[in-house]
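The analysis underlying the following values was restricted to heavy atoms, covering all of them including side chains, and did not include hydrogens, waters or symmetry mates.
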Amino acid sequence: MKKTLVILLGPTGIGKTDLGIDIALHFKTEIISCDSRQFYREMSIGTASPSKEQLEKVKHHLVNHISVNDYYSASRFEDDFMEMAKKLFAHHNILLMVGGSGLYIDAACGRIDKIPDVDPSVRKKYLDKFQNEGLESIRADLKLLDPDYYKIVDLKNPKRIIRALEICETTGKPYSFFLQKKGKARSFNIIKVGLTMDRQELYRRIDERVDKMIEEGLEEEARKLLEYRNCNALNTVGYKEMFRYFDGEISREKAIELIKRNSRRYAKRQLTWWARDEQIKWFHPREKEEIISYIDNVIRNDEVTKGQRNQEF
RNA sequence: GGUGCCAUAGCUCAGUUGGUAGAGCACAGGACUGAAAAUCCUGGUGUCCCUGGUUCAAUUCCAGGUGGCACCA
């Protein structure tokens, strides 16, 4: 039997964790998490990480496996995921991935190209240049080093420009040279199940969940992590707003309001990311039975899985 | 009950010397291949409280009404 990776994805706060557990129990399998903030073991209330009880119900992988001090990336996640999948597929025909990080899900699906690692000092160099000399300066560098990418990149987005520059400098080749866009073949089938609901309903859930996080002690958790505020891991909704409150810049109420707003905006960006992915079959989270029978049907029907095998961009 | 002030976008408010209006926030849409809960782009969504009057033309001026706030009784 061909191995199958079922991916349960959806915006923040929609109820992936609970439903994922039910689905994993139904298929008698384990969960590989794909949440770029639940990776960090020090963050749990603000990232709505699975609780102890939830972790006991179904074995979860790639949660709490790194520290806020660690460098991590979509590429590293791809490596960790492939290693984990290989191990788990030895005992399971179906694996369940649950998460909301679009780029990381794409990485697991073989949708990002192999690009050489860069030395952090190179990124730092261009970051400094951007901060000291401005956007125009690094734009000019990119125009020189990778004119093709210069034509298509968002020229107002420093992160995109710096990323391309660091690859150009490290490899001596233009960044666009590495963007093959062919996708990597995977030895397993992939079924993508998306969770969605009416925007108002989702926003209400998000607002309620933030209130719950506050009750559970988000403020305390953030206070403990204040010393790591410069780590990328702490550039996260729920923490960055609390840090501003600790600084005296905004009130506690304002911080909570901003956490809600930024969570809503994040959910919207997630939905935009997935909107163009036609492989996703969408459900309301309450449609558990429909989701399970959809997965069953796809696995049974080879014709459908053929389409899912080719991971084109 | 009397006097004064106010009524414009979901909210807070600006404005139009009379030619149907614009800021912030909220919100909506989008981009995004190793920082991605990150980063970036675009967009004003409107019975200008109601009725009448003046006027070629009223959201704007006038009168009345309604609602809110303040003060006086």
Side-chain angles (χ1 to χ4, degrees), chain A residues 10-14 16 34-40 43 45-49 66 68 70-81 99-120 122-124 126-127 130 135 139 149 152-164 166-167 170-171 175-184 199-200 202-203 206-207 209-210 213 218 222 230-242 250 254 257-277 311 313:
Chain A
T12 189
I14 203 164
K16 295 185 292 294
C34 185
D35 185 302
S36 72
R37 290 303 187 264
Q38 291 179 7
F39 298 151
Y40 299 100
M43 298 156 74
I45 297 171
T47 57
S49 285
I66 54 174
V68 291
D70 296 330
Y71 174 77
Y72 207 65
S73 69
S75 172
R76 291 207 180 172
F77 175 76
E78 183 181 358
D79 293 343
D80 288 345
F81 162 75
S101 301
L103 179 65
Y104 285 64
I105 291 172
D106 284 355
C109 294
R111 286 178 165 199
I112 63 171
D113 289 298
K114 185 73 195 163
I115 298 173
D117 285 335
V118 296
D119 193 305
V122 180
R123 177 174 297 177
K124 176 100 175 43
Y126 283 108
L127 192 61
F130 165 60
L135 191 59
R139 266 188 200 168
Y149 191 62
I152 57 166
V153 73
D154 177 358
L155 285 169
K156 290 181 179 167
N157 191 333
K159 277 200 179 186
R160 294 279 125 67
I161 296 172
I162 292 170
R163 170 66 184 154
E166 67 192 23
I167 296 301
T170 302
T171 65
Y175 176 60
S176 50
F177 168 82
F178 296 97
L179 303 180
Q180 302 289 318
K181 303 203 170 198
K182 287 204 188 91
K184 301 168 191 159
R199 191 67 62 81
Q200 278 199 335
L202 178 63
Y203 284 3
I206 287 171
D207 290 351
R209 192 168 75 158
V210 171
M213 284 176 181
L218 176 60
N230 292 321
C231 296
N232 177 58
L234 273 306
N235 186 191
T236 297
V237 175
Y239 300 88
K240 56 183 176 182
E241 297 85 358
M242 276 294 164
I250 54 175
K254 183 71 181 173
E257 190 188 313
L258 286 175
I259 292 170
K260 290 175 179 174
R261 186 198 69 182
N262 290 338
S263 298
R264 293 192 293 263
R265 289 179 173 176
Y266 170 50
K268 162 59 185 143
R269 291 198 305 279
Q270 289 175 297
L271 291 167
T272 298
W273 178 275
W274 291 311
R276 60 187 162 169
D277 189 339
Q311 297 290 316
F313 278 76

Practice item. From the options B:U39, B:A28, B:U42, select the nucleotide whose nearest atom is closest to the side chain of A:Tyr203. Key: B:A28

Practice item. Would you classify A:Thr47 as touching base, sugar-phosphate or nothing, given that sugar-phosphate means primed atoms plus P, OP1 and OP2, and contacts are heavy atoms under 4.0 Å? Key: base

Practice item. Would you indicate what A:Phe178 reaches in the nucleic acid, counting non-hydrogen atoms under 4.0 angstrom: base, sugar-phosphate, or nothing? Key: nothing

Review point. NA contact type, A:Gly238, heavy-atom cut-off 4.0 Å: base, sugar-phosphate, or nothing?
Key: nothing

Exercise for review: Please determine, for B:G46, whether a Watson-Crick or G-U wobble partner exists with both distances under 3.5 Å, and give it or none.
Suggested key: none

**Study point:** Rounded distance in Å - CD (A:Gln270) to P (B:A31)
**Key:** 15 Å

Exercise for review: Determine the Euclidean distance between corresponding C1' atoms of B:U66 and B:G30; express it in Å to zero decimal places.
Suggested key: 44 Å

Exercise for review: Kindly give the heavy-atom pair with the smallest separation between A:Lys260 and A:Ile206, and that separation in Å.
Suggested key: O-CG2, 4.2 Å

**Study point:** Euclidean distance for C1', B:C48 against B:A58 (whole angstrom)
**Key:** 11 Å

Point to revise | Whole-Å distance separating the CD atom of A:Glu166 from the P atom of B:U33 | key: 14 Å

Review point. Which base sits across from B:C25 as a Watson-Crick or G-U pair, both distances under 3.5 Å?
Key: B:G10

**Study point:** Pairing nucleotide - B:G52, Watson-Crick or G-U, each distance under 3.5 Å
**Key:** B:C62

Point to revise | For atom CD1 of A:Ile112 and atom P of B:A35, their distance in whole Å | key: 10 Å

Check your understanding: Taking only N and O in the side chain of A:Lys159, is any of them less than 4.0 Å away from OP1 or OP2 of B:G34?
Key -> no

Review point. A:Asn157 side chain: which of B:G34, B:U33, B:C40 is closest?
Key: B:C40

Study note, to complete from the structure: Against the side chain of A:Arg37, the closest entry in B:A28, B:G34, B:A36 is B:A36

Check your understanding: Can you tell me how far P of B:G24 sits from CG of A:Leu258, to the nearest Å?
Key -> 17 Å

Review point. Does OP1 or OP2 of B:U33 have a side-chain N or O of A:Arg163 closer than 4.0 Å?
Key: no

Review point. At under 4.0 Å between heavy atoms, what does A:Ser101 touch on the DNA or RNA strands: base, sugar-phosphate, or nothing?
Key: sugar-phosphate

Review point. So, A:Arg76 and A:Asp70, do they make that salt bridge, N to O below 4.0 Å?
Key: no

Point to revise | Short side-chain to backbone donor-acceptor contact, A:Asp113 and A:Gln180, under 3.5 Å | key: yes

Point to revise | N/O donor-acceptor pair, side chain A:Asp113 with base B:U33, under 3.5 angstrom | key: yes

Practice item. Send over the distance from A:Tyr40 OH to B:A35 P, rounded to a whole Å. Key: 10 Å

Practice item. Considering non-hydrogen atoms only, spot the tightest contact between A:Met43 and A:Val68 and give its length. Key: SD-CG1, 3.7 Å

**Study point:** Spacing of the P atoms in B:G44 and B:C25 (rounded, Å)
**Key:** 15 Å

Exercise for review: Would you kindly compare A:Lys156 and A:Ala48 by the position of their nearest RNA chain B nucleotide and give the one closer to the 5′ end?
Suggested key: A:Ala48

Check your understanding: What is the distance from CG of A:Asp154 to P of B:A31, rounded to the nearest Å?
Key -> 12 Å

Check your understanding: In the strands shown, is B:A35 matched to any nucleotide by a Watson-Crick or G-U wobble pair with both distances under 3.5 Å, and which?
Key -> none

**Study point:** Parallel, tilted or perpendicular, as decided by the 30° and 60° cut-offs, for the rings of A:Tyr72 and A:Phe77
**Key:** perpendicular

Check your understanding: Roughly how far apart are A:Tyr104 OH and A:Ser75 OG, rounded to 0.5 Å?
Key -> 9.5 Å

Review point. If you check every side-chain atom of A:Asn235, which of B:U39, B:C41, B:A36 has the closest atom?
Key: B:U39

Revision key, fill the gap. Given the 90°-from-0 boundary between syn and anti, B:G53 should be labelled anti

Review point. Is the A:Tyr239 to A:Tyr40 ring centre distance short of 6.0 Å?
Key: no

Check your understanding: Which nucleotide sits closest to the side chain of A:Thr272: B:C32, B:U39, B:C40?
Key -> B:C32

Review point. What interatomic distance, in whole Å, is found between P of B:U42 and the corresponding atom of B:C6?
Key: 38 Å

Revision key, fill the gap. Between A:Ile259 and the options A:Met213, A:Lys254, A:Met242, the side-chain contact (heavy atoms from CB on, under 4.5 Å) test singles out A:Met242

**Study point:** Nearest to side-chain heavy atoms of A:Arg160, which nucleotide of B:C41, B:U39, B:U33
**Key:** B:U39

Check your understanding: Between atom CG in A:Leu234 and atom C1' in B:A35, what is the gap in whole Å?
Key -> 13 Å

Point to revise | Nearest-Å distance once atom P is located in both B:G29 and B:C50 | key: 30 Å

Check your understanding: Base, sugar-phosphate, or nothing for A:Asp35, non-hydrogen atoms under 4.0 angstrom?
Key -> base

Point to revise | Nucleotide paired to B:U16 in any strand shown, Watson-Crick or G-U, under 3.5 Å | key: none

Review point. Between A:Arg111 (CZ) and B:G34 (P), how many Å, whole number?
Key: 15 Å

Exercise for review: Have a look at A:Tyr72 and say if it touches a base, only the backbone sugar-phosphate, or nothing, with a 4.0 Å heavy-atom cut-off.
Suggested key: sugar-phosphate

Exercise for review: Would you classify A:Tyr104 as touching base, sugar-phosphate or nothing, given that sugar-phosphate means primed atoms plus P, OP1 and OP2, and contacts are heavy atoms under 4.0 Å?
Suggested key: sugar-phosphate

Exercise for review: State which of B:C41, B:C27, B:G34 makes the closest approach to the side chain of A:Lys114.
Suggested key: B:G34

Exercise for review: Using the C1' atom on both, measure B:G15 against B:G52 and round to a whole Å.
Suggested key: 26 Å

Check your understanding: Taking the C1' atom of each, how far is B:G19 from B:A57, in whole Å?
Key -> 7 Å

Practice item. Take atom C1' in B:A63 and the same atom in B:U55, then report the distance between them in whole Å. Key: 16 Å

Practice item. Would you classify A:Arg123 as touching base, sugar-phosphate or nothing, given that sugar-phosphate means primed atoms plus P, OP1 and OP2, and contacts are heavy atoms under 4.0 Å? Key: base

Check your understanding: Now, which nucleotide makes the Watson-Crick or G-U wobble pair with B:A70, with each of the two distances under 3.5 Å?
Key -> B:U3

Study note, to complete from the structure: 5'-most contact on RNA chain B (nearest-nucleotide basis), A:Leu179 vs A:Arg209, goes to A:Leu179

Exercise for review: Run the salt-bridge test on A:Arg264 and A:Asp207 with the 4.0 Å N-O cut-off and return the result as yes or no.
Suggested key: yes

Point to revise | Assigned partner base of B:C40, Watson-Crick or wobble definition, under 3.5 Å | key: B:G30

Check your understanding: Which part of the nucleic acid, if any, lies within contact of A:Arg265, taking any heavy atom under 4.0 Å across all strands shown: a base, the sugar-phosphate backbone alone, or nothing?
Key -> sugar-phosphate

